[in-house]
Amino acid sequence: MFLLASVVFILICSYFTYFKMKKVSKIKINGKGVLITGCDTGFGHELVKRLDQLGFTVFAGCLSEKSEGAQNLQKECTRRVHILKLDVTKSEDIRRAADTVEKICRGTGLWALVNNAGIDSFGDVEFCTMEMYRRVADVNLFGLIHVTKALLPLIRKCKGRVVNVTSVKGILSRPTISVYGNTKFGAENFSDCLRLEMRKFGVKVSIVEPGNFGGLTGIVRDQNLERLMSEMEKMWESADEEVQEAYGREHLEEQFTGLYKAPQNCAPNMDPVLRALEDALTSETPAIRYLVDGGRGLIDWYNLFGRMNYYLPTEWMDFIIDKAWNFGIR
């Protein structure tokens, strides 16, 4: 216990010392262009409005130009905001978006890309279907990669930056998140490789890792919650009889019932994540990683475990996660 307390104390002191010493120097915005994916709701939606107020030219990628989120942005934002139909799983949408950006930016290049689009699914490995793994990966990982590759030539022109929104679940595993976690671990690796490759071009790559903000982003609310509950039924029906007997129906229902309680425990607003995204886009020396605490308590437990994961042996972390999971910290 003393060892754990010491490690936590050192991590907290190092964290605050780093940000206190870090010099804050901002870029000159001057209408620089930023493309953001996943702007119908959540972080992407709010970031569009924030960057518009700062004076950026914003390309807001939405699943549909007629979606409620897209319509709200058109009403609330200035003419600097351009709504783009952008389904990151469709090659034609990505190609059309890149052409539009190049035309509007008039050959000057794109300052930044924010890969924010994402969807979620969860459940035990033996229950999750291959279709679930493929669908989530198409958006969260392959969509991110495809959009990045399409826009890198424009970003290199002005020595801009790429900002990828992953998750604390991309640096720490726990039960039931393999579908989502696979894509976020993959996005972390892709971002690290890209950062090293882009150094010679002066392009910076940052990763924003939100903690407990799920109840605000749409991951566990509204229509998405209905989708997840429907998915639970499909998981049960498609599972082999032996798997059903091994786990039991109650095991699955208990996990999904917890979704209704998730919004009660998540952060009250998105401001911490939006501040991190803004810093990644406007700071002369942005951080490589922004692990952003959420939750309603004094501690975002999962983020704390994520920080500990960098220093403690895997066996220790397995023990901690197992006990936390059984204790109800999810």
Side-chain angles (χ1 to χ4, degrees), residues 27 29-65 67 69-70 72-74 76-118 139-166 187 190-191 194-195 198 201-208 273-274 276-283 286:
I27 65 166
I29 295 173
N30 295 336
K32 285 182 169 62
V34 178
L35 187 146
I36 309 167
T37 66
C39 297
D40 298 272
T41 59
F43 299 138
H45 187 84
E46 295 304 318
L47 183 62
V48 171
K49 294 187 282 187
R50 194 180 188 102
L51 297 187
D52 181 37
Q53 293 174 353
L54 290 174
F56 282 98
T57 298
V58 185
F59 300 93
C62 297
L63 280 175
S64 171
E65 296 165 295
S67 72
N72 287 341
L73 291 176
Q74 288 181 332
E76 298 178 23
C77 298
T78 71
R79 297 179 66 180
R80 286 189 297 269
V81 173
H82 305 270
I83 307 298
L84 304 179
K85 180 184 179 304
L86 181 54
D87 181 338
V88 300
T89 68
K90 298 185 182 305
S91 299
E92 58 271 23
D93 280 12
I94 296 172
R95 183 175 60 254
R96 190 182 305 114
D99 290 343
T100 300
V101 170
E102 186 170 22
K103 180 179 179 180
I104 293 176
C105 291
R106 297 174 184 173
T108 60
L110 180 69
W111 171 248
L113 164 65
V114 180
N115 282 305
N116 166 74
V139 177
N140 295 4
L141 182 57
F142 297 117
L144 177 151
I145 294 171
H146 195 167
V147 173
T148 302
K149 286 174 64 65
L151 293 171
L152 273 178
L154 295 175
I155 294 171
R156 280 193 283 102
K157 282 185 178 180
C158 55
K159 298 182 179 180
R161 51 197 60 178
V162 176
V163 180
N164 292 330
V165 180
T166 62
F190 174 78
S191 302
L194 183 66
R195 183 182 68 255
M198 289 293 110
F201 297 110
V203 173
K204 295 180 173 62
V205 179
S206 294
I207 306 169
V208 176
V273 176
L274 295 175
L277 288 166
E278 180 182 328
D279 188 76
L281 294 168
T282 62
S283 175

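Residue numbers run from 1 in the order of the sequence given.
For the pair Val165/Leu277, a side-chain contact is recorded, criterion being any heavy-atom separation below 4.5 Å from C-beta on. Counting heavy atoms from C-beta outward, Leu144 and Val139 have side chains that stay 4.5 Å or more apart. The shortest side-chain heavy-atom distance between Ile145 and Phe190 falls under the 4.5 Å cut-off.
Arg80 places a side-chain N or O within donor-acceptor distance of the main-chain N or O of Asp52, the cut-off being under 3.5 Å. Checked by atom type and distance alone, the side chain of Arg195 never pairs as donor or acceptor with a backbone atom of Lys204 at under 3.5 Å.
The two residues Leu86 and Ala97 have their closest heavy-atom pair at CD1-CB, 4.2 Å. Of all non-hydrogen atoms in Cys77 and Lys49, the two that sit nearest each other are SG-CG, 3.8 Å. Gly118 and Asn140 get closest at one heavy-atom pair: CA-OD1, 3.0 Å. Here the shortest heavy-atom pairing between Val208 and Ala276 reads CG1-CB, 4.3 Å. Residues Ala98 and Leu154 come closest through the heavy atom pair O-CD1, 4.0 Å. Closest approach of His45 and Asp40 over heavy atoms only: ND1-O, 3.5 Å.
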Without placing hydrogens or testing angles, list every side-chain donor-acceptor pair under 3.5 Å for residues 56-65, not counting sequence neighbours.
unit_1	atom_1	unit_2	atom_2	d
Thr57	OG1	Gly31	O	2.9
Ser64	OG	Lys66	N	3.1

Hey, can you pull the donor-acceptor pairs under 3.5 Å for the side chains in residues 101-108, sequence neighbours left out?
unit_1	atom_1	unit_2	atom_2	d
Thr108	OG1	Cys105	O	2.7

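The salt bridge (Lys or Arg N to Asp or Glu O under 4.0 Å) check on Arg95 picks up nothing, with sequence neighbours excluded. For His146, there are no ring pair (Phe, Tyr, Trp, His ring centres under 6.0 Å) partners at least two apart in sequence or on another chain. Every salt bridge (Lys or Arg N to Asp or Glu O under 4.0 Å) that Arg96 has, sequence neighbours left out, goes to Asp93. Not a single salt bridge (Lys or Arg N to Asp or Glu O under 4.0 Å) links Asp87 to another residue, sequence neighbours left out.
One distance of note links CG of Leu281 with CG of Leu51; it measures 6.0 Å at 0.5 Å rounding. Interatomic distance, Leu274 CG to Asp279 CG, rounded to the nearest 0.5 Å: 12.5 Å. The line from CD1 of Ile36 to CG of Asn115 is 11.0 Å long, rounded to the nearest 0.5 Å. Distance check, rounded to the nearest 0.5 Å: OG1 of Thr166 to CG of Leu141 gives 11.5 Å. With rounding to the nearest 0.5 Å, the separation of CG in Leu73 from NE2 in His82 is 13.0 Å. One distance of note links OG of Ser283 with CD1 of Ile27; it measures 9.0 Å at 0.5 Å rounding.
In Lys85, the NZ atom is crowded: over 12 heavy atoms of neighbouring residues, nucleotides or ligands sit closer than 6.0 Å.
With hydrogens and angles left out, the side-chain atoms of Asn116 and Thr37 include no donor and acceptor closer than 3.5 Å.
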Exercise for the section: Go through Leu54 and Glu278 one step at a time and tell me if the side chain to side chain contact (heavy atoms under 4.5 Å, CB included) criterion holds. Expected result: CA-CA 10 Å; Leu54 290 174; Glu278 180 182 328; 3.7 Å; yes
Problem - Derivation of the side chain to side chain contact (heavy atoms under 4.5 Å, CB included) call for Val81 and Gln74 - result: CA-CA 8 Å; Val81 173; Gln74 288 181 332; over 6 Å; no
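The side-chain contact (heavy atoms from CB on, under 4.5 Å) test with Trp111 is passed by exactly one of Val34, Ile155, Thr282, Ile29: Val34.
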